[in-house]
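In the text below, chain A, chain B and the rest are named by the order of the sequence lines, each starting its count at 1. Everything numeric here is computed off the predicted structure, so don't read it as measured data.
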Amino acid sequence: MSEAAEPAADIPPFRYTAALANEIELRWQDRWEERGTFHAPNPVGPLADPTHPRADAEKLYVLDMFPYPSGAGLHVGHPLGYIGTDSFARFQRMNGRNVLHAMGFDAFGLPAEQYAVQTGTHPRTTTVANIARYRAQLRRLGMGHDERRSVATIDVDFYRWTQWIFLQIFNSWYDPDARKARPIDELVAEFTAGTRPTPDGRPWSELTDVERRRIVDDHRLAYVSEAPVNWCPGLGTVLANEEVTPDGRSDRGNFPVFKRNLKQWMMRITAYGDRLLEDLDRLDWPEPIKLMQRNWIGRSTGAHIDFATAAEPIRVFTTRPDTVFGATYMVLAPEHALVDALVPAAWPEGTRPAWTGGHATPREAVESYRKAAGAKSDVERQAESREKTGVFVGAYATNPVNGAQIPIFIADYVLAGYGTGAIMAVPAQDERDWAFAEVFDLPIVRTVAPPEGFDGKAYTGDGPAINSARADGSLSLDGLGVAEAKAAIISWLEEHGHGAGAVTYRLRDWLFSRQRYWGEPFPIVYDANGQAIALPESMLPVELPEVDDFSPRTFDPNDADSEPETPLSRRKDWVEVELDLGDGPKRYTRETNVMPQWAGSCWYELRYLDPANPDRFVDPDNERYWMGPRSAGDCGGTDLYVGGAEHAVLHLLYARFWHKVLYDLGHVSSVEPFRKLFNQGMIQAYAYTDERGSYVQADEVIERDGGWFHGERPVRREYGKMGKSLRNVVTPDDMCAAYGADTFRLYEMSMGPLEVSRPWETRAVVGSYRFLQRVWRALVDENSGASRVVETPADDETRRLLHRTIDGARADMEAMRFNTAIAKLIELTNGLTRLSGTPREVAEPLVLMLAPFAPHIAEELWERLGHDESLTYVPYPVADPALLVAETVTYPVQINGKVRARVEVAVDAAEEEIRREALAAVAGSLGGREPRKVIVVPGRMVSVVA
RNA sequence: GCCGGGAUGGAGGAAUCGGCAGACUCGGAUGCCUCAAAAGCAUCUGCCCGAAAGGGCGUGCGGGUUCAAGUCCCGCUCCCGGCACCA
């Protein structure tokens with residue numbers, strides 16, 4: 001029988017127990033809140049405070065990726081990054097910085113909406129409750145957040161500015177000559193003045209209003225366009241690729257999914273491709289993340305080449321125009337617009353049976369192949385990457401450089417969305433083309449000589465061009481390297497009107513509308529002509545209206561031609577409005593899509609700076625102070641941004657894009673939103689399944705005899721996420737109850753480097769608890785509660801240990817190596833246990849160094865040391881350099897790489913003396929022989945070669 | 001398949017610039033305290049041989065460079081993350 005709830009009677013009354021920790025923690029959390037301890041003063045506006053001790057200090061903006069407040073609350077994995085940033089922020093406050101650290105909530109999103117569809121509970125109700133829970137949990141962990149700045153994306157005062165930023169983007173165009181976004185009015189002015197030609201060359205004055213409107217809309221950074229999506233009539237929604245199963249059905253409900261075009265709002269992020277790419281060089285981000293963004297943007301240089309056909313010419317993009325003499329066939333994406341015009345009535349004379357797919361006519365073959373390709377999801381098209389499929393369309397194209405007639409195929413390894421959706425196939429220099437050529441027995445002509453001994457198939461490397469000359473001698477690339485050959489062929493193509501040098505990107509424009517309820521409404525109405533019109537700023541916010549039913553209208557699951565009807569579209573009284581937009585009252589209909597969840601996370605870091613500003617999304621002075629460039633050439637942005645690597649591409653790219661638009665339009669002074677990025681690892685956990693494959697409660701599993709058991713039954717262990725369904729969740733609340741928040745924080749920071757993922761292990765938490773107990777015991781007598789701090793100076797050894805600790809801990813803290821900083825604090829503390837009392841000159845710096853990790857116990861001990869004020873703004877200890885230098889150095893002496901002896905010599909000993917001492921120490925091992933070589937590395941070691 | 005990252009004791013990890021591998025913590029062992037247990041404290045704890053002294057081996061695997069390699073180079077294996085066959 002265990003009566004664990006009752007503390008044993010003989011525990012000393014003043015021991016640091018979980019109960020005492022909880023009492024201390026709740027008290028200090030109240031005190032911090034009352035005193036506004038973590039309020040960071042702004043330069044201007046309601047949060048300005050010239051009397052604040054850090055009002056004139058150097059600033060530091062520390063940012064976490066804000067969470068989506070899920071119904072399950074936090075588990076121990078979530079706060080890892082938050083504890084890291086809080087520890088860093090607290091350290092930097094002690095270094096005199098004015099630190100801004102706040103936490104908001106990314107609160108629009110699908111889970112609350114789906115819950116609402118199921119239960120009828122308004123997503124706002126659920127979300128607001130979840131946010132309250134998250135706030136309470138974070139407060140309980142002792143986060144030093146400025147709670148005045150805690151915003152949520154669902155707040156009307158927040159999303160009115162999300163809408164405002166949308167309007168800025170809508171009312172802008174990208175000027176490629178200026179390389180920046182400019183107000184759309186300036187474009188109109190240029191057209192009107194005739195300084196910018198219209199697309200078809202007609203004078204602006206001769207165009208109708210609708211024509212003008214169309215030209216302008218084609219330039220906007222936010223625009224409406226047909227975009228291919230996964231339309232699921234059975235659910236009435238568009239699905240993400242990951243929600244579509246490999247056989248083309250919906251994950252939820254198993255309905256058919258159709259890939260088809262729908263009218264969608266798009267953002268012209270591709271206009272910023274080059275700047276998003278170039279400015280990566282100015283960011284202090286992990287190289288792997290930058291590389292992922294570079295690959296995602298995927299800028300490639302090459303050429304467009306036009307291949308003549310019986311119909312219109314086929315334009316291809318290629319990065320290897322130098323290999324055009326080796327183009328022996330062409331491949332179009334099955335969806336390519338030109339395919340229908342190319343297909344003849346019958347197979348041409350001599351068409352090989354293998355090319356027809358067994359069909360009687362090209363039309364049949366094409367349609368059958370398209371159907372098969374259309375039914376495949378993108379995932380499946382990838383999975384089948386090895387087995388090349390395709391079909392001849394029955395037509396030929398002319399290779400412009402040598403006049404060769406080359407067959408045209410369609411194949412799903414060519415994607416409609418990249419480049420021009422068509423390729424010239426050069427099997428000798430491209431592996432996929434080689435594989436396809438092998439399947440269809442197509443000719444292979446090498447145009448780059450592979451190196452001697454090359455026995456592979458396609459050769460993609462550099463080498464002299466071969467077989468690359470026109471018969472009439474007017475063009476020859478032979479002998480040129482790849483780079484020179486590219487330059488030569490591009491100028492030939494340009495001269496003869498067959499093509500031109502070109503750049504393409506992998507990056508595509510951003511699909512920005514969602515056919516859902518729980519998101520920001522667009523500040524857009526449509527007029528009688530169906531033209532999108534931006535609402536004026538004065539009509540913001542467009543509030544999300546209440547609806548009876550949160551689900552979209554569903555259709556017959558097989559009705560591929562159905563059109564989405566969003567929840568908002570059913571509120572006819574909201575959709576139909578009469579407005580005066582400057583030309584008298586008229587009737588309009590509102591946009592009934594909502595924005596994607598990304599919208600709020602694209603700019604929330606700016607709102608933290610000025611959360612209550614009613615006039616602007618952020619005051620320019622506040623933005624410049626917290627995020628502005630620090631020097632010429634600096635890109636500005638937050639000083640630190642911590643979050644998981646799963647956002648490496650989408651969120652971080654979208655947020656950079658919005659920020660750059662705001663910069664171009666003069667609304668912010670920083671070029672980039674996040675100057676420095678740090679990717680924290682994930683806390684993972686073991687889960688256990690029994691013989692039936694059901695999960696068993698993980699904390700009831702015991703390890704014995706090299707296996708795992710739940711009761712008497714053996715269970716299997718798997719490693720991965722923490723989750724309710726896996727029955728392995730451990731919450732911070734559990735840890736606070738068992739040990740207190742300080743122990744929990746300290747443990748998370750000491751488990752390993754912040755950037756590394758690692759398994760959670762509850763039984764190891766006690767190590768951090770014991771450490772805090774030892775610190776407490778060093779300063780407080782457990783039996784009497786009296787101070788154990790003595791005013792006598794520390795002995796020399798203890799003092800040197802202290803200063804080595806300060807020196808090392810400070811360096812570790814600067815570099816966010818919290819685990820090794822904590823190890824050093826433990827060593828210092830362990831060095832105090834042999835003393836009968838703890839000298840104040842050691843106790844005070846120890847408490848201060850502990851404070852970033854375990855702020856509550858540190859505040860409590862600091863108060864017991866006789867200080868009235870919180871230690872939040874007390875300077876972090878500084879080491880005395882004189883005490884860091886040892887008097888002697890112990891040199892290991894190696895013979896042939898193995899340590900055979902050690903010698904201790906004075907720190908300033910001459911090399912000759914070290915050498916003499918070392919040789920004397922290993923004389924026995926050498927047996928009188930002369931060493932062949934002796935290497936003395938000052939301060940390190942001596943190496944003898946026998 | 002491609003791209004990126006990683007692999008160190010029973011476990012998490014340390015070694016920051018090529019210079020003593022295993023700091024610190026968990027777990028384990030032994031002892032002190034205790035009627036007993038818990039808690040706490042102390043000592044030990046990479047593997048193998050050995051009673052010990054001592055010796056040998058050792059940072060995923062195989063090579064290489066070097067007086068010296070966890071660290072650098074070449075070739076593999078496995079694990080984790082990302083992916084849009086990107087021409």
Side-chain angles (χ1 to χ4, degrees), chain A residues 2 4 7-8 10-12 15 17 241 286-289 291-292 294-296 298 300 302 316-320 323 331 378-379 381-386 388 411-415 417-420 422-426 429-433 435 460 504-508 644-646 648-649 682 684 703 706 719-720 747 750-753 755-768 770-771 773-774 777 782 808 811-812 815 817 819-820 822-827 830 833 890-899 902 931-935 937 939-946:
Chain A
S2 74
D10 50 356
I11 283 186
R15 173 164 291 181
T17 59
N241 282 336
E287 275 307 319
I289 301 292
L291 194 52
M292 284 166 82
R294 283 189 191 104
N295 292 341
W296 189 269
S300 43
V316 303
F317 173 78
T318 175
T319 58
R320 293 293 304 275
T323 65
V331 184
D378 287 358
V379 176
R381 270 168 102 157
Q382 265 180 74
E384 278 188 310
S385 61
R386 289 307 92 201
K388 288 286 176 283
D412 62 8
Y413 83 95
V414 172
L415 302 182
Y418 184 75
T420 63
I423 63 161
M424 63 173 202
V426 188
Q429 275 89 228
D430 185 284
E431 277 159 25
R432 283 156 306 140
D433 294 347
T460 56
T504 53
Y505 301 87
R506 226 174 80 147
L507 182 69
R508 292 180 207 150
E646 68 270 19
V649 181
M682 265 189 292
Q684 304 193 281
E703 186 179 359
Y719 181 56
Y747 175 65
S750 64
M751 290 165 82
E755 63 270 29
V756 173
S757 295
R758 77 293 309 252
W760 175 260
E761 211 167 352
T762 297
R763 73 175 181 184
V765 180
V766 71
S768 300
R770 288 178 191 147
F771 164 55
Q773 289 181 322
R774 287 200 295 279
R777 198 179 301 130
E782 290 190 326
D812 286 344
R817 290 187 303 257
N819 56 324
T820 50
I822 292 167
K824 290 177 176 89
L825 298 185
I826 294 173
E827 283 183 86
N830 292 350
T833 54
T890 304
Y891 282 85
V893 186
Q894 289 184 348
I895 300 177
N896 296 338
K898 289 193 185 303
V899 178
R902 286 167 208 285
R932 285 201 288 138
K933 199 170 171 188
V934 179
I935 297 152
V937 186
R940 292 280 185 187
M941 52 140 36
V942 181
S943 186
V944 179
V945 188

Could you measure between the two [atom1] atoms, the one in [N] and the one in [M], and give it in whole Å?
N	M	atom1	value
B:A15	B:C74	C1'	26 Å
B:C26	B:C35	P	28 Å
B:A39	B:C32	C1'	14 Å
B:A42	B:A51	C1'	25 Å
B:A11	B:C85	C1'	42 Å
B:A52	B:C67	C1'	34 Å
B:C33	B:A38	C1'	12 Å
B:A21	B:U16	C1'	16 Å

Nearest to the [X] side chain among [options], which nucleotide is it?
X	options	result
A:Thr318	B:A87, B:G13, B:C20	B:A87
A:Arg15	B:A39, B:U16, B:A87	B:A39
A:Asn819	B:G40, B:C20, B:G13	B:G13
A:Thr820	B:G19, B:A87, B:A15	B:A15
A:Arg777	B:C41, B:A87, B:C85	B:C41

Under the side chain to side chain donor-acceptor pair (under 3.5 Å) rule, collect the residues that match up with [X], sequence neighbours excluded.
X	answer
A:Thr833	none
A:Arg774	A:Asn830
A:Thr17	none
A:Glu755	none

Exercise. Which glycosidic conformation, syn or anti, is assigned to B:G54 if syn requires a torsion within 90° of zero?
Worked result: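 Here B:G54 takes the anti form, which means its glycosidic angle is more than 90° from 0.
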Exercise. Is B:C17 in the syn range, within 90° of 0, or in the anti range?
Worked result: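 Glycosidic conformation of B:C17: syn.
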What protein N or O atoms touch nucleotides 7-9 of chain B N or O atoms at under 3.5 angstrom, if any, and at what distances?
none

Exercise. How does RNA chain B look in dot-bracket form if you count Watson-Crick and G-U pairs under 3.5 Å, write [ ] for pairs that cross, and put | where a base pairs with another strand?
Worked result: (((((((..(((......[....)))((((((.......))))))((((....))))..(((((..]....))))))))))))....
Can you list the residues that meet the salt bridge (charged side-chain N to carboxylate O under 4.0 Å, His left out) rule with [X], with sequence neighbours excluded?
X	result
A:Arg902	none
A:Glu761	A:Arg763
A:Arg506	none

What are the two closest non-hydrogen atoms of [X] and [Y], and how far apart are they?
X	Y	value
A:Thr319	A:Ser300	CG2-CB, 3.7 Å
A:Val942	A:Tyr891	CG2-CD2, 4.1 Å
A:Gln684	A:Ser757	OE1-CB, 4.2 Å

Nearest whole angstrom, please: distance from the [atom2] of [N] to the [atom1] of [X].
X	N	atom1	atom2	result
A:Met292	B:C2	CE	C1'	13 Å
A:Met424	B:C86	CE	P	16 Å
A:Arg940	B:G18	CZ	P	10 Å
A:Met751	B:G12	CE	P	11 Å
A:Ile289	B:C83	CD1	P	12 Å
A:Tyr891	B:G19	OH	P	15 Å
A:Tyr413	B:G1	OH	C1'	15 Å
A:Gln429	B:A87	CD	C1'	13 Å

Problem set entry | Reading 5' to 3' through nucleotides 24-31 of chain B, protein heavy-atom contacts under 4.0 Å coded B for base, S for sugar-phosphate only, - for none | SSSS----
Does [X] reach the side chain of [Y], with side-chain heavy atoms less than 4.5 Å apart?
X	Y	result
A:Met424	A:Thr323	yes
A:Asp812	A:Lys824	yes
A:Asp433	A:Ile423	yes

With a 4.0 Å cut-off on heavy atoms, is [X] in touch with a base, just the backbone sugar-phosphate, or nothing at all?
X	answer
A:Ile423	base
A:Arg506	base
A:Ser757	sugar-phosphate
A:Val756	sugar-phosphate
A:Arg508	base

What nitrogen or oxygen pairs link the protein and nucleotides 66-72 of chain B at under 3.5 Å?
from: B:C67; atom 1: O2; to: A:Ser943; atom 2: OG; distance (Å): 2.7

Problem set entry | Contacts of A:Ser750 that satisfy side chain to side chain contact (heavy atoms under 4.5 Å, CB included) - sequence neighbours left out |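 Per chain and number, A:Ser750 pairs via side chain to side chain contact (heavy atoms under 4.5 Å, CB included) with A:Tyr747, A:Ser768, A:Ile822.
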For this session: Would you kindly compare A:Asn295 and A:Ala811 by the position of their nearest RNA chain B nucleotide and give the one closer to the 5′ end?
Result: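 So the residue in question is A:Asn295.
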Problem set entry | Earlier contact from the 5' end, RNA chain B, for A:Val899 and A:Gly298 |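 Here A:Val899 is the residue nearer the 5' end.
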For this session: Could you tell me whether the side chain of A:Arg432 has a donor or acceptor atom within less than 3.5 Å of a complementary atom in the base of B:A87?
Result: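 Looking at the base of B:A87, it does pair with a donor or acceptor on the side chain of A:Arg432 (distance under 3.5 Å).
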For this session: Measure the CG-CG distance between A:Asn295 and A:Leu507 for me, rounded to the nearest 0.5 Å.
Result: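 Here the rounded value is 12.5 Å.
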Exercise. Hey, what do you get for CD (A:Glu287) to CZ (A:Arg294), rounding to the nearest 0.5 Å?
Worked result: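 The distance works out to 5.5 Å.
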For this session: Taking A:Arg758 for its side chain and A:Pro753 for its backbone only, find out whether a donor-acceptor pair lies under 3.5 Å.
Result: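 Present.
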